[in-house]
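Structure record follows, encoded as structure tokens.
Letters A, B, ... are given to chains in the order of the sequence lines, protein chains preceding strands, and every chain is numbered from 1. Atom set for the values below is all heavy atoms of this structure, side chains included, hydrogens, waters and symmetry mates excluded.
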2 protein chains.
Amino acid sequence: MKPIYYNLNDLFKTLTLFDGMGISFHHHLRNGDAITNLITTEFHHRNLKKLRLFPSAIFPSYHGILTLLKADQVDTITTNYLNGPVADYFAKHGKPNSLKMQTHGGRARAFIEGENKVDIAFVTAPTVDREGRASGAQGKSACGSLGYAIEDVHYASTVVLITDNLVDALDHYQIDGTTVDAILVVESLGDARGIVSGTTSITNDPVGVKIARNATNLIQELGLIKPGFSFQSGAGGISLRVTESIKTLLRDKNITASFFSGGITKYHVDMLEEGLVKTLYDVQCFDLDAIKSIDKNPQHKAISANDYANPNNPHRIIKDLDIVILGATEIDLDFNVNVTTDSYNTIIGGSGGHSDTATDAFVSFIVTPLMKARTPIIKERVNTITTLGKHIDCLITERGIAINPRRHDLLEQLKDSHLDIVSIETLMARAHHYTGSPQKTQPKKQPIGVVEDRDGTIIDTLYTKE
Amino acid sequence: MKPIYYNLNDLFKTLTLFDGMGISFHHHLRNGDAITNLITTEFHHRNLKKLRLFPSAIFPSYHGILTLLKADQVDTITTNYLNGPVADYFAKHGKPNSLKMQTHGGRARAFIEGENKVDIAFVTAPTVDREGRASGAQGKSACGSLGYAIEDVHYASTVVLITDNLVDALDHYQIDGTTVDAILVVESLGDARGIVSGTTSITNDPVGVKIARNATNLIQELGLIKPGFSFQSGAGGISLRVTESIKTLLRDKNITASFFSGGITKYHVDMLEEGLVKTLYDVQCFDLDAIKSIDKNPQHKAISANDYANPNNPHRIIKDLDIVILGATEIDLDFNVNVTTDSYNTIIGGSGGHSDTATDAFVSFIVTPLMKARTPIIKERVNTITTLGKHIDCLITERGIAINPRRHDLLEQLKDSHLDIVSIETLMARAHHYTGSPQKTQPKKQPIGVVEDRDGTIIDTLYTKE
């Protein structure tokens with residue numbers, strides 16, 4: 001039996017609070033999360049200073065973090081993904097060394113190895129029992145997998161579960177309760193509708209359709225679609241269109257995949273239920289169909305970030321990944337990819353599992369239009385490196401494909417291909433044909449933080465915009 | 001269902017073997033273990049070179065490791081405890097940088113953080129089912145807890161369980177099977193009688209009795225025996241005598257302890273069964289009574305080395321430890337303790353959990369005779385530092401007690417004590433009164449390796465004897 005509180009104030013009376021403390025949050029309720037705001041606002045009212053914040057991601061609705069930043073109560077933020085008002089604040093007012101962007105696997109590693117030192121983990125948990133066992137799969141605020149919260153639960157000094165659905169006993173759970181110190185029961189964890197990512201529908205844009213077709217053809221020519229292959233795609237419209245094409249291929253060829261990993265959508269669930277893939281390894285549900293599936297399909301498995309992608313865990317799922325489909329905001333002539341900032345230093349996302357999966361997958365594919373809003377995506381040098389070019393194998397656009405020259409094996413396989421395979425320099429020239437030569441990029445401003453690769457290496461610096 | 005082999009050769013055909021590979025073993029069958037010899041002899045016959053060995057400890061019976069060393073097939077050995085012929089070999093023929101001594105908690109940390117990179121873990125497992133679940137509590141070669149093998153199972157790239165008791169399905173297990181790659185069934189894992197440590201009986205030697213009485217009195221004066229206190233003692237005769245005295249105290253005062261941790265003996269089990277302590281957290285069973293208990297007493301819990309002592313795990317059991325009773329081969333004027341080598345560089349043991357528990361416990365006690373074989377135990381400088389003096393609080397001998405001057409709080413508590421509390425320099429002088437001034441110690445010879453503290457810091461160098 002764990003101590004149970006029904007009032008934030010009663011809970012806070014029992015917590016040891018001090019300036020400089022580290023607190024963590026997870027982001028599975030995404031833009032619908034009310035708890036990160038509840039807790040950070042309480043820290044604001046209690047006037048705690050020099051806080052070290054470890055949210056696994058920061059979404060536009062996380063105004064409590066913005067309040068703490070504006071009141072100068074934050075020392076550092078360590079996160080995997082960031083956009084909205086907090087990102088805008090960093091672009092304008094970011095202080096030196098105040099921001100570290102990690103990967104999903106790197107965050108797990110840093111918790112386990114004591115690099116991310118967290119005093120209290122506040123864990124939004126859709127269903128909790130009196131022993132502190134918890135599941136994301138049930139409850140009115142169900143979010144499915146709690147994958148990114150598992151290391152917080154194991155490695156924070158104090159662990160508080162926050163729920164709007166307290167039950168007597170849970171049979172199936174993702175958090176086993178051993179390390180849980182207290183439970184807070186609230187009226188509502190937020191608005192589950194906010195969980196749905198803005199990007200989880202298949203593109204019908206003709207450019208996107210063409211890119212997805214090119215990608216599917218390339219994957220086929222490389223012979224990667226074979227019984228037992230494994231696959232990961234994000235929730236972007238083009239990635240999902242590739243996923244749908246692969247579904248058709250599997251049906252036609254009567255092939256079964258071994259697993260899909262990462263963030264899971266209805267498109268992945270459909271393939272599980274149709275028997276086209278044996279197992280879904282899910283760190284994060286991107287839509288309500290995925291949440292329903294995780295509760296009913298035994299082969300739809302919630303896994304922790306450590307199980308998913310910790311580079312020091314030799315049994316991590318993605319080390320056996322054959323194919324990953326990823327996006328890019330920018331890519332450069334060395335194949336370095338940026339999904340962290342725009343060209344003017346504003347943070348618009350972050351690695352999430354980008355670098356993790358690109359590094360581990362047998363072949364990593366970037367799918368992107370050659371231009372967005374008349375701006376070429378291929379640059380001489382990306383503004384910020386999210387994933388090192390040595391881990392990126394293929395760039396697929398609507399106007400041609402480039403293979404990283406490091407992958408002699410793929411180039412050899414493709415030497416008689418009829419696909420439009422050219423150098424990345426040629427692809428850049430094709431873009432410049434339409435857009436003209438690109439503007440000079442903005443000069444760098446004040447440094448505010450770093451991009452840390454999954455193994456702890458610092459691979460780039462982040463700057464203010466102004 | 002995991003692949004099951006009934007023949008060593010059939011198993012080895014499926015393994016990827018290469019020069020420079022890392023292999024690990026655990027030592028729960030101690031001097032009765034036959035499997036470490038079986039496997040290392042096979043590596044010898046296959047003439048694999050530059051092996052990196054990660055046995056959690058090395059006992060006198062481990063002749064297969066000696067064979068590999070003599071045949072120059074070993075690059076490095078990383079272990080927590082070492083004595084017998086392998087230790088003698090190192091004293092005479094040790095090569096530079098070939099040996100690293102870790103702590104039990106440090107070994108878990110180094111597996112988890114990717115510092116101990118192991119290609120194949122060979123895990124002696126007294127009972128195994130067809131899904132690769134395993135328990136040390138049952139079977140003809142039962143050894144109780146498999147605590148030190150758990151990180152090997154989670155973090156080695158390939159995991160082989162070796163058993164002499166294959167069953168269809170296990171309900172209660174210490175290894176959950178997820179990361180297990182293969183099972184080898186053999187006739188016998190060894191001689192379970194070899195599990196019993198040579199040191200698990202209570203001393204009746206008058207000097208030992210006096211030291212234990214002094215220790216018990218000191219613990220009482222410090223007010224450490226109170227409801228819910230926690231305690232760890234090793235299996236040494238004096239430690240166990242202190243444990244027995246504390247048993248009497250608990251009975252008399254009607255006090256219940258919260259937990260005892262570490263290596264467990266019949267003396268600890270008796271107190272659990274008498275209701276004098278609520279829980280035993282067991283990383284290693286030191287005798288057959290402990291093995292029987294772990295199978296039948298639900299509050300006698302097998303835990304992993306990570307749960308026990310990983311310094312980067314904030315929920316490690318020993319962070320809540322009040323009292324630890326430890327031994328010393330040497331202790332110096334700065335309270336540094338040596339249990340790794342004798343004064344002539346021969347390795348006679350190692351930290352095990354010495355540094356882990358001394359660092360974490362609220363008060364650490366060293367119990368030792370002032371002299372052994374007419375040699376004073378207190379030196380100006382220990383030959384090898386196993387545990388840094390800053391973590392050692394009290395030294396208790398038959399002729400007086402010294403408190404580390406860093407512990408103002410304890411000294412303040414003891415200022416009116418009638419116990420014979422003096423400076424460590426005075427204790428050394430008392431010894432010299434009987435033994436005369438000590439011989440000059442031997443000069444250092446060739447460096448062969450290092451002592452690594454639990455957090456990865458190198459705290460001393462190891463040398464050959466000749």
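- At distances below 3.5 Å, not a single donor-acceptor pair connects side-chain atoms of A/H315 with backbone N or O atoms of B/V180.
- When heavy atoms are compared at a cutoff of 4.5 Å, A/V159 approaches chain B solely by way of its side chain, counted from C-beta outward.
- Heavy atoms only, all atoms of each residue included: B/N312 and A/I112 are closest at CB-O, 3.8 Å.
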Determine all donor-acceptor pairs shorter than 3.5 Å in which one atom belongs to a side chain in residues 12-20 of chain B; sequence neighbours excluded.
{"unit_1": "B/T14", "atom_1": "OG1", "unit_2": "B/L11", "atom_2": "O", "d": "2.7"}
{"unit_1": "B/D19", "atom_1": "OD1", "unit_2": "B/K49", "atom_2": "N", "d": "2.9"}

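- More than 12 heavy atoms of other shown residues, nucleotides or ligands fall within 6.0 angstrom of atom NZ in A/K319.
- Minimum heavy-atom separation, B/N306 to A/Y155: ND2-OH, 3.7 Å.
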